[in-house]
Amino acid sequence: MSDSVSTPLLDTIEPDDVDVPAPLSGRIPTTPRTPVVLNPGARPAQEPAASAPADAEAGIAGIFRQSAHPVALFFLYIFRIAAIAVYLLCGFFTSNYVLSTVVVVVLLAMDFWNTRNVAGRTLVGLRYWNQVDDDGESYWVFESRDPAHPSNPVDSKMFWVALYSFPFLWLALLIVSILKLSASFIPIVALALVFNITNAVGFTYADRDAKQRWANQLAGSGWGLGMGGIGGQLLAGAVKNSVGRVFR
Amino acid sequence: MDERDWDLWGPLVLCLMLGILLSVNAPPSQSLAVFTSVVVIISLGSLVVTVQAKLLGGRVSFFQGLCVLGYCVAPLNIAALVSTFVHLIYVRAPIAIAAWAWCVWASVNFLDGTKIEQQRILLAVYPLLLFYFTLAWMIIVQ
């Protein structure tokens, strides 16, 4: 180790995993390659305005007015609410349970796709997916928006509320259906839980990974780009191993 | 389709279609049960076969296995479609058996690519045979 205080200790640290696949570091975007949906000009102007009238404007209209992507927010909630509503109310409108099951499943699928690809990307700037490398090993890749363009706080809060509250609702419905209704509905509720929990867990990991990565890049920028790269590789490797063990 | 890219939307659609086709012809009191059991059989069946292929040392990712096994249900969809319209057992049975053979052939090709050792390949193929045969049987007897 180093004797003098003036020499930074980190010069002697080497990465643990030398076989971390390179594409992971190549995929971390330093320039935001998100589509034109992001308009950096509009957001900084909105943020001071969002904090002040936030106390005055309660209610749904207020939320939509403060959001930078009201359409995305609207669709996120509408699909989730529609799936639960159809599941609960199908008995009143049709006696054909297969039809209502299919409608619920289709709504759940649309909600899953929308949350993962549209809402996550536009509202909080996070993406995640699974990739398989040559050995047949699957690993998860997380991407995030450059923190120089932070997301709208109202958007962010509503997104996380939607993401975490619906799994609990479906869990409650699962308990109800186990206790009361026939077993035919359990697979649908199970499917809903799988979809919602997958999104919740995926975005939580993506968010955590993004915070770690950007915090490390900020800290590492003082010691040159090389450290950031190695730190990023360390973190990417750590996240890959830990998440890989969870998801096999 | 590039083998390494997986998606579960195709298998979901195929599974739902098979469930709908089989439940349309079932007696109304049983139609929901038939639909649910088809969905459950396909999902649990692919899960079990994939896990077994992995345990036998196959180099396949979990989701990749689910994806391919789900797509391989497609010939059975065709057989179910035919069975919806034709009620003669002499037409349904051979078509269902042919579809079953096609499914098994397609998924065995996939298993070959996962580099399981030769002695163990039969251990991996046997549950596949059972899994698809269960579905083919449901098509024949509806």
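Side-chain atoms are counted along with the backbone in the values below, which use heavy atoms only and exclude waters and symmetry mates. Just so it is clear: chains get the letters A, B, ... in the order the sequence lines come, proteins before strands, and each one is counted from 1.
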Quick check on A:Trp160: does its CH2 atom have over 12 non-hydrogen neighbours (other residues, nucleotides or ligands) under 6.0 Å away? yes
How far does CG of A:Leu99 sit from CG of B:Leu32, to the nearest 0.5 angstrom? 11.5 Å
Tell me, yes or no, whether the heavy-atom count around A:Phe74 atom CZ, taken from other residues, nucleotides or ligands under 6.0 Å, exceeds 12. no
Residue B:Val40 versus chain A: region with a heavy atom under 4.5 Å: side chain
In this structure, are over 12 heavy atoms from other groups packed under 6.0 Å from A:Tyr77 atom OH? yes
Assign the ring pair A:Phe195 / B:Trp9 to parallel, tilted or perpendicular, where the plane angle (0 to 90°) is split at 30° and 60°. tilted
If one checks every heavy atom of A:Val105 against chain B at 4.5 Å, the contacting part turns out to be side chain
Structural part of B:Ser23 lying under 4.5 Å from a heavy atom of chain A: side chain
Working to the nearest 0.5 angstrom, can you tell me the gap between A:Ile188 CD1 and B:Thr36 OG1? 6.0 Å
For the CG atom of B:Leu12 and the CG atom of A:Leu191, what is their distance to the nearest 0.5 Å? 6.5 Å
If the contact rule is any heavy atom under 4.5 Å from chain A, which residues of residues 132-141 of chain B qualify, in numerical order? none
